[in-house]
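Count residues from 1 along the sequence. Owing to the predicted nature of the structure, the values given are computational and were not obtained by experimental measurement.
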Amino acid sequence: MQEDVQYMTRALALAARGRYSTSPNPCVGCVLVKDGVILAEGWHRRAGGPHAEADALAQAGPRARGATAYVTLEPCNHHGRTPACSEALIAAGVARVVYAMDDPNPRVSGSGAARLRAAGIEVQGGVCDAEARSFNRGFFHRMRTGLPFVRIKLGMSIDGGAALADGSSQWITSEAARADVQRMRAESCAIVTGIGTLLADNPSLNVRDPRFEMHGRQPHRVILDRHLETPPDARLLSLPGETWIFCGEEALNRAQPLVDAGARVEALPLADGRIDLPALRARLGELEINELMVESGPRLAAAFISARCFDQLVLYVAPKLLGVQARRALEVSSPATLDAALALPMVECDRIGDDLRITLGTA
């Protein structure tokens with residue numbers, strides 16, 4: 001029905017408001033409609049807070065009886081940080097529930113819709129399903145695979161340089177591209193880099209754009225530091241949010257100064273003398289990281305690619321030539337033949353300021 005699409009489109013707009021704040025939960029919006037009139041609107045703001053359905057029902061009060069609830073995700077049917085939304089909808093006496101996408105969470109997986117139907121409520125799913133999934137790519141990926149959705153971000157000149165021979169790199173890309181990176185950081189649950197980048201640049205790895213700071217959530221900062229060389233006075237340890245440092249088992253006896261500085265330190269298995277990236281990805285999935293952003297030097301980025309531990313490669317390409325002496329943005333091993341070269345499908349290509357943003361996928 002056209003009106004179902006109309007009201008679900010509004011619910012999707014509400015869900016989008018939580019894009020930078022709901023992790024590890026999905027973004028969800030809800031619209032309550034009765035006799036062609038919107039009674040109330042709700043959206044999920046942050047983990048531990050009211051779900052979208054509860055938000056809208058609280059505003060509607062007794063007027064919700066007999067209404068239709070438009071929800072962008074199948075109502076949950078379990079008690080977690082908050083009560084089950086299926087119970088709240090039944091108790092409110094709604095007559096119909098229309099939702100966009102089935103919940104991939106194994107604890108729900110159709111049980112929310114089934115419980116509503118068992119209570120005599122008319123239920124319809126799949127309305128604007130594709131649009132709803134676009135807001136929750138990382139959540140769906142983690143629910144399906146147990147792993148975070150991984151994006152590798154690289155900035156480079158048109159001939160593949162990341163810095164001049166002396167290391168100068170500010171700024172290769174445009175201000176608009178750097179602002180877009182802030183958006184990508186805000187969407188991410190965690191940002192990972194290596195100890196080489198930390199020692200060379202002393203980065204912050206945080207969101208500094210006021211458009212996104214207002215949401216109050218900083219991504220976790222993840223450092224891969226096999227020997228625990230991170231200085232306790234590193235800039236990122238003094239910033240709001242959490243810093244996680246992953247090291248080799250033999251380095252744990254040197255962890256206390258970093259723990260005292262506020263870091264969370266864990267050991268992970270090694271592979272070829274480095275932190276094992278599949279083990280890292282699995283551990284971050286256990287820690288409920290939906291989306292992981294890789295902002296690192298050329299060797300760690302290449303290691304993620306070689307280990308096939310990524311889902312998207314995002315290139316910000318500036319219309320500049322840095323020449324043969326420039327430091328490379330990516331250092332992957334050359335294939336033996338052209339047929340053996342890794343081919344990545346193009347997801348999208350957009351102009352961002354004076355630069356191109358090229359997004360490549362893995363399938």
Side-chain angles (χ1 to χ4, degrees), residues 1-19 21-22 24-137 139-140 142-144:
M1 295 172 57
Q2 184 57 41
E3 66 176 19
D4 286 346
V5 173
Q6 173 189 338
Y7 293 126
M8 188 62 74
T9 299
R10 176 55 188 166
L12 288 167
L14 294 167
R17 296 181 182 181
R19 176 172 279 171
S21 61
T22 62
N25 291 353
C27 306
V28 183
C30 177
V31 176
L32 292 175
V33 179
K34 188 174 182 180
D35 298 327
V37 176
I38 294 178
L39 302 178
E41 299 179 333
W43 55 287
H44 183 45
R45 290 164 172 78
R46 63 186 67 254
H51 286 190
E53 299 94 318
D55 186 22
L57 289 170
Q59 297 173 46
R63 295 179 298 151
R65 184 164 297 278
T68 295
Y70 292 89
V71 193
T72 59
L73 181 67
E74 176 188 356
C76 64
N77 193 38
H78 64 281
H79 288 256
R81 295 182 177 94
T82 58
C85 292
S86 58
E87 292 181 2
L89 291 165
I90 293 168
V94 301
R96 183 169 179 250
V97 173
V98 180
Y99 67 88
M101 53 187 176
D102 295 330
D103 194 329
N105 188 330
R107 293 183 297 178
V108 179
S109 191
S111 67
R115 185 168 186 180
L116 293 170
R117 290 190 179 102
I121 296 174
E122 180 186 347
V123 179
Q124 181 180 351
V127 178
C128 300
D129 175 271
E131 294 88 340
R133 288 176 185 272
S134 67
F135 294 144
N136 293 294
R137 173 186 56 196
F139 175 77
F140 269 74
R142 182 170 65 84
M143 287 293 110
R144 187 175 68 251

Would you mind reporting whether [Y] and [X] have side-chain heavy atoms less than 4.5 Å apart?
X	Y	answer
F140	P26	no
R45	R17	no
E53	V97	no
Y70	R10	no
H51	V28	no
M101	N136	yes
V123	E74	no

Original post:
Does any pair with a residue in residues 56-65 pass salt bridge (Lys or Arg N to Asp or Glu O under 4.0 Å), and if so which ones, sequence neighbours excluded?
Top reply: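 Checked against salt bridge (Lys or Arg N to Asp or Glu O under 4.0 Å) - neighbours excluded - no pair reaches residues 56-65.
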
Least distance between heavy atoms, [X] atom then [Y] atom:
X	Y	result
V5	C128	CG1-SG, 4.1 Å
I38	Y7	CG1-CE2, 3.9 Å
A56	C30	CB-SG, 3.9 Å
N25	A47	ND2-CA, 3.6 Å
A95	I121	O-CG2, 3.6 Å
S86	G112	CB-O, 4.3 Å

Subject >> Pair listing, ring-ring contact (aromatic ring centres under 6.0 Å, His included) test, anchored in residues 83-106, at least two apart >> reply: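 Found none.
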
[X] [atom1] to [Y] [atom2] distance, which is reported to the nearest 0.5 Å:
X	Y	atom1	atom2	value
L73	D103	CG	CG	4.5 Å
T72	D129	OG1	CG	11.0 Å
L116	E122	CG	CD	11.5 Å
L32	D55	CG	CG	10.0 Å
D102	S111	CG	OG	11.0 Å
E87	C76	CD	SG	9.0 Å

**OP:** Spell out, as yes or no, whether a donor-acceptor pair under 3.5 Å connects the side chain of H44 to the backbone of P50.
**Re:**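 Yes.
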
